[in-house]
Number of protein chains: 2
Amino acid sequence: MTALPNRDRRAERREDTRREILDAAWAVARQDGLENVTLRAVAERVGMRAPSLYSHFESKNAIYDAMFGQAWSEYLDQIEDLDASLPAAPRKALLFMLQTFVDFCTADLPRFQLMNLRVVTGFAPSPEAYAPSLRVMELFRRRAAALGAPNDEDVDLLAAAVGGLVDAQWSNDPGGTRYIRLLPRAIDALADDLGLPGPKLRRKR
Amino acid sequence: MTALPNRDRRAERREDTRREILDAAWAVARQDGLENVTLRAVAERVGMRAPSLYSHFESKNAIYDAMFGQAWSEYLDQIEDLDASLPAAPRKALLFMLQTFVDFCTADLPRFQLMNLRVVTGFAPSPEAYAPSLRVMELFRRRAAALGAPNDEDVDLLAAAVGGLVDAQWSNDPGGTRYIRLLPRAIDALADDLGLPGPKLRRKR
DNA sequence: GTCTATACACCGATAGAC
DNA sequence: GTCTATCGGTGTATAGAC
């Protein structure tokens with residue numbers, strides 16, 4: 001009976017290659033647009049021929065799928081250990097949380113398109129890739145409940161409104177702040193409606 | 001000196017053909033998805049070969065452009081003569097206006113994607129096609145001002161939030177009402193923030 | 001297992017005959 | 001104005017070298 005190595009070096013290398021391919025895909029997406037990602041362009045960036053990618057991903061949509069999961073996981077990592085640094089005031093805490101999402105989404109257009117819009121037709125995230133986005137939503141619900149907004153509908157409305165602000169920002173004023181600067185006002189309005197304690201984030205006009 | 005006919009029959013026929021092509025493009029978009037529209041599929045539907053479309057549109061993006069303008073014009077027509085039938089209560093009037101937009105956007109996914117999202121990369125609407133969407137926004141601002149919301153920022157926030165609701169509806173619960181049913185609550189919250197007179201659309205929890 | 005070479009069917013677009 | 005023929009590109013599939 002031979003001893004098994006305690007690390008599977010082959011699997012590690014495989015995982016490295018997969019990550020390298022995904023990095024290349026992100027780079028191409030940022031340069032040429034999310035749906036202008038081509039297997040040939042990705043392959044060239046990692047020093048391969050296009051068909052070789054099929055040794056690591058079973059299709060182009062599988063690459064999109066992995067990118068989708070990667071993006072949400074990255075955001076999840078960023079907010080997971082944030083409980084300690086949340087402000088005490090409920091509205092400020094809400095703003096802080098949502099602002100991290102807005103910042104994350106406005107920093108990278110193809111990432112936002114992949115995470116929040118259904119830009120790539122024929123692509124629907126697999127349950128596995130969808131999981132981290134559900135965890136984000138769950139975490140958000142838990143924190144909102146702790147702040148005094150226990151209702152799922154409230155969180156849905158807030159999430160949809162924030163997504164709408166980011167989308168409008170990218171669509172109508174890319175690089176500017178015309179829409180996303182309205183986030184504090186949106187939170188105040190909703191918080192008032194929910195009966196969340198003050199103080200208000202913005203002065204009333 | 002020969003008399004000119006008072007109608008340019010040739011131009012009329014040309015316009016008819018253009019409209020026929022656009023109708024076919026919408027049909028393909030609804031069947032196969034907005035970005036799976038191919039010139040060959042559109043041409044087949046109108047009984048042509050693909051290259052013949054170039055006699056009527058200078059590129060595929062020009063077809064998208066015309067569709068974009070068509071969609072917004074259609075919505076503009078629908079709401080232009082609505083002043084008379086608006087409810088008297090400000091919040092009800094606001095809800096009525098926004099509900100027409102939500103209904104219009106939830107009725108047809110490719111149309112919504114073309115109007116509100118930037119799904120087709122490399123496509124940006126021409127100034128000419130963009131005009132009717134600006135007229136819709138202008139009309140909306142005018143009516144909101146008449147209802148007591150004269151500030152551009154308020155209208156921006158409301159528009160972005162409504163767009164977010166529709167997008168979340170299509171992305172996470174297509175065919176359902178989970179998000180769009182929150183419209184009255186969203187309006188109440190914003191209206192309270194703006195100091196718009198009641199009565200409220202929804203009972204407070 | 002990993003990669004290359006090659007092929008296929010499709011895409012948007014153009015040239016030129018009629 | 002519509003056609004055929006064709007171009008360079010695409011995603012995808014498979015055979016086979018190593």
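Naming convention: chains lettered A, B, ... in sequence-line order (proteins, then strands); numbering from 1 in each chain.
A sub-4.0 Å separation between OP1 or OP2 of dT2(C) and a side-chain N or O of Ser52(A) is absent. When the side-chain nitrogen and oxygen atoms of His56(B) are compared with OP1 and OP2 of dT2(D), one or more of them lie within a distance under 4.0 Å.
Under a cut-off of 6.0 angstrom, the local environment of CZ in Arg135(A) is sparse, with at most 12 non-hydrogen atoms contributed by other residues, nucleotides or ligands.
Every pair tested for ring pair (Phe, Tyr, Trp, His ring centres under 6.0 Å) that includes a residue from residues 23-56 of chain B fails, sequence neighbours excluded, so the list is empty.
Contacts between residues 8-24 of chain B and DNA chain D, defined by a heavy-atom separation under 4.0 Å, are made by Arg14(B).
Using a distance-only test at 3.5 Å, with no hydrogens or angles considered, a donor-acceptor pair links the side chain of Tyr64(B) to the main chain of Leu34(B).
dT2(C) atom P lies 13 Å from atom CZ of Phe57(A), rounded to whole Å. In this structure, Glu44(B) atom CD and dC10(C) atom P are separated by 11 Å, rounded to whole Å. As rounded to whole Å, 8 Å separates atom C1' of dG1(D) from atom CE of Met48(B).
Salt bridge Arg19(B)/Asp16(B): present, at least one basic N to carboxylate O contact under 4.0 Å. Between Arg141(A) and Asp156(A), at least one side-chain N (NZ, or NE/NH1/NH2) sits under 4.0 Å from a carboxylate O, which counts as a salt bridge. A salt bridge does not link Glu20(A) to Arg45(A): none of the charged nitrogens lies less than 4.0 Å from a carboxylate oxygen.
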N/O contacts under 3.5 Å, protein versus nucleotides 11-16 of chain C?
unit_1  : atom_1 : unit_2   : atom_2 : d
dC11(C) : OP1    : Thr38(B) : OG1    : 3.3
dG12(C) : OP1    : Val37(B) : O      : 3.3
dG12(C) : OP1    : Leu39(B) : N      : 3.3
dG12(C) : OP1    : Lys60(B) : NZ     : 2.9
dG12(C) : OP2    : Leu39(B) : N      : 2.9
dG12(C) : N7     : Arg40(B) : NH1    : 2.9
dG12(C) : O6     : Arg40(B) : NH2    : 3.3
dA13(C) : OP2    : Tyr54(B) : OH     : 2.5
dA13(C) : OP2    : Lys60(B) : N      : 3.0
dA13(C) : O5'    : Tyr54(B) : OH     : 2.8

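Only one option out of Asn172(B), Leu117(B), Asn116(B) pairs with Asp167(B) in a side-chain contact (heavy atoms from CB on, under 4.5 Å); it is Leu117(B).
Ring planes of Tyr75(B) and Trp72(B): perpendicular class, angle over 60° (limits at 30 and 60°).
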